[in-house]
Amino acid sequence: METPAQFFSTPIYYVNAKPHLGHAYTTIATDVATRFKQMDGYDTYFLTGTDEHGDKIVQAADKEQQSPREYVDKISRLFQDLWPRLNVANNQFIRTTQPDHIRVVEQLLTRIHDQGDIYFSSYEGLYCFGCERFYQERELVDGKCPDHGVAPSAIKESNYFFKMSRYQDWLIDHIKAHPGFIHPKQYETEILSFLKEPLEDLCISRPKSRLTWGITLPFDENFVTYVWFDALTNYISALGYPDGPLFKKFWPSARHFVAKDIIKPHGIYWPIMLKAAGIDIYNGLNVHGFWNVSGSKMSKSIGNVTDPVAVTDRYGVDAFRYFLMREMVFGLDANFTEDVLVSRINSDLANDLGNLFSRVLSMNLKYFKGRVPDPNGADFPDLSLETDAQTTIQQFKNAMTAYEFHKGVEAVWGLVSRMNKYIDTHEPWGLAKDPRQHPRLESVIGNLLEGLRTVACLIYPVMPETSTKMLRGLCMILPETGFFPLKEIGKWGQMSAGACLEKPDSLFPRVDVPKKPKN
RNA sequence: GGCGACGUAGCUCAGUUGGUCAGAGCAUGCGGCUCAUAUCCGCAGAGUCCGGGGUUCAAGUCCCUGCGUCGCUACCA
């Protein structure tokens, strides 16, 4: 049987500011999904990158007295350097200023232009010379430009337009015929409701008199292409469209992760562009919500733009990744607060998981000098955790397959909790006092070790470092991939009997919280 | 204005297709254990599931309506 392929992407991030919490979340979520699919037996490809053309880039570069090229190199570098620090294992980092990307954009534009879905037309609008842009009536304040306080002038400009309206009915049918194309469902509803209104055609160019930092239209050298034909095309240019082996293997298995602010370009423009170009439509869109910080929207003026580097430096990468996946219901908004992060670290990671790992291994050390009990020793069906583990694996798989990361994490913690109860119920310290009970004690410890192995395997997508640390502590020999395939995890008795386990370091030290004085 | 989301225990929030759905975690109180990172386990409390109406044998769960919070309203040519 052929290995199924799965392509995941993040948006390419616009390099007009440095990376923040939102970028980190999208990218980590995509990384988690990728790692999970690998465990589930897929060949995966994970793409991220930066979007580097356009007006705002030129302005930002001017402000820093740099050329656009210098400027985009600098900011793009910040993104490229961030991902390894967050344990994000992307296969490729694409930049829209790369020649091979530019070539594909040109090809795509040519193709769609040749078949007649791009036309030239003039537009008359309200233009502010200070801002160098057109305004919609509703954007004006008392009929004046909000930045300059000057009434804009009515001027005429000609541009190229993409005939999206032609494909509106097709898109509606496509969405309805492919459940899950836009996930979660509430965003599909949203897109379909947009599509109830007639689509207007998309302006895809800017005259070079106004903007030169872009890709020149292949059919008119006086214009550059604007935003979406440049940015969205990255998803296929990165794979080497039209003939590259990656493209042949991974297209159209793409699922694009995006935040809810860019569902329209991804849910409407992009499928229509593909359709017009005669390219297969991507598999689907995974849309997530926004992170608020301490209860308010992230913004520069409030000063709560959260820097992922600062958080991970302080609390660790795995704790950060865990928090993001556990705390946000995929698709809904969530709140990021340092208090809540610390509370999650202390209760879930230190008290539940870390302490469980520690108590089991120290009992094994105390009662059996660290030797792993023989799985073929005495069998006590009433002591088996195998069914619990298998149930957990199934729940985990179901949740992760549906991109419900918080549920996947919860399923694993359900097992952690059951193991803590199990210890209390069977009181190994009581069994240890009676030599006749030693076979039972061995079975209890053996089951707990197997349970820990299961947990260690399952947390791999979310917390790869901790997974490895735990598996090493359990003397499991890691496959070269760094993880155990999902379908192999449930098999009981995989620990090597007789291996000698040492007392490990704490997985997650508690974070001291100064008690708040009452009142 | 239009469209959409949300409004569930002190706090943060889960609740696919209507029928153990009145929940989890945290916080709080009491009790238990000692293997463990002063960790773990048990028990307890509170909520008219925003208000009102409707459909149904049965509704946080569907429909209508009111209130509150938030987001989008694109092609910024």
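Proteins come first, then strands; the chains are lettered A, B, ... in the order of their sequence lines, and each starts at number 1. Heavy atoms only: backbone and side chains are in, while hydrogens, waters and symmetry mates are out.
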NZ or CZ of A:K208 within 45° of A:F223 ring axis and under 6.0 Å: no
Cation-pi check, A:R440 onto A:F380 ring (under 6.0 Å, within 45° of axis):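 Pair A:R440/A:F380 counts as cation-pi.
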Base-pairing assignment for [N] (Watson-Crick or G-U wobble, both under 3.5 Å):
{"N": "B:A46", "answer": "none"}
{"N": "B:C26", "answer": "B:G10"}
{"N": "B:G51", "answer": "B:U65"}

So, is [X] close to the [N] phosphate, meaning a side-chain N or O under 4.0 Å from OP1 or OP2?
{"X": "A:N351", "N": "B:C40", "value": "yes"}
{"X": "A:K421", "N": "B:G42", "value": "yes"}
{"X": "A:K503", "N": "B:U37", "value": "yes"}
{"X": "A:R359", "N": "B:U37", "value": "no"}

Protein-nucleotide distance (A:M419, atom CE; B:C40, atom C1'), rounded to Å: 13 Å
B:C11 P sits how many Å from A:F336 CZ, rounded? 22 Å
Less than 6.0 Å separating the ring centroids of A:Y235 and A:H266? yes
Base, sugar-phosphate or nothing for A:N355? Non-hydrogen atoms, less than 4.0 Å.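 Base contact - A:N355 has a heavy atom under 4.0 Å of at least one base atom.
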Just call it for A:G354: base, sugar-phosphate, or nothing, with non-hydrogen atoms closer than 4.0 Å on any strand.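 Since a base atom lies under 4.0 Å of A:G354, the category is base.
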Between A:K469 and A:D505, does any NZ, NE, NH1 or NH2 come within less than 4.0 Å of an OD or OE carboxylate oxygen? no
With [atom1] as the reference atom in both, quote the distance from [N] to [M] in angstrom, rounded to an integer.
{"N": "B:A27", "M": "B:C11", "atom1": "P", "answer": "16 Å"}
{"N": "B:U61", "M": "B:G15", "atom1": "P", "answer": "15 Å"}
{"N": "B:C13", "M": "B:G18", "atom1": "C1'", "answer": "23 Å"}

Syn/anti state for B:G60 [syn: chi within 90° of 0]: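 Syn.
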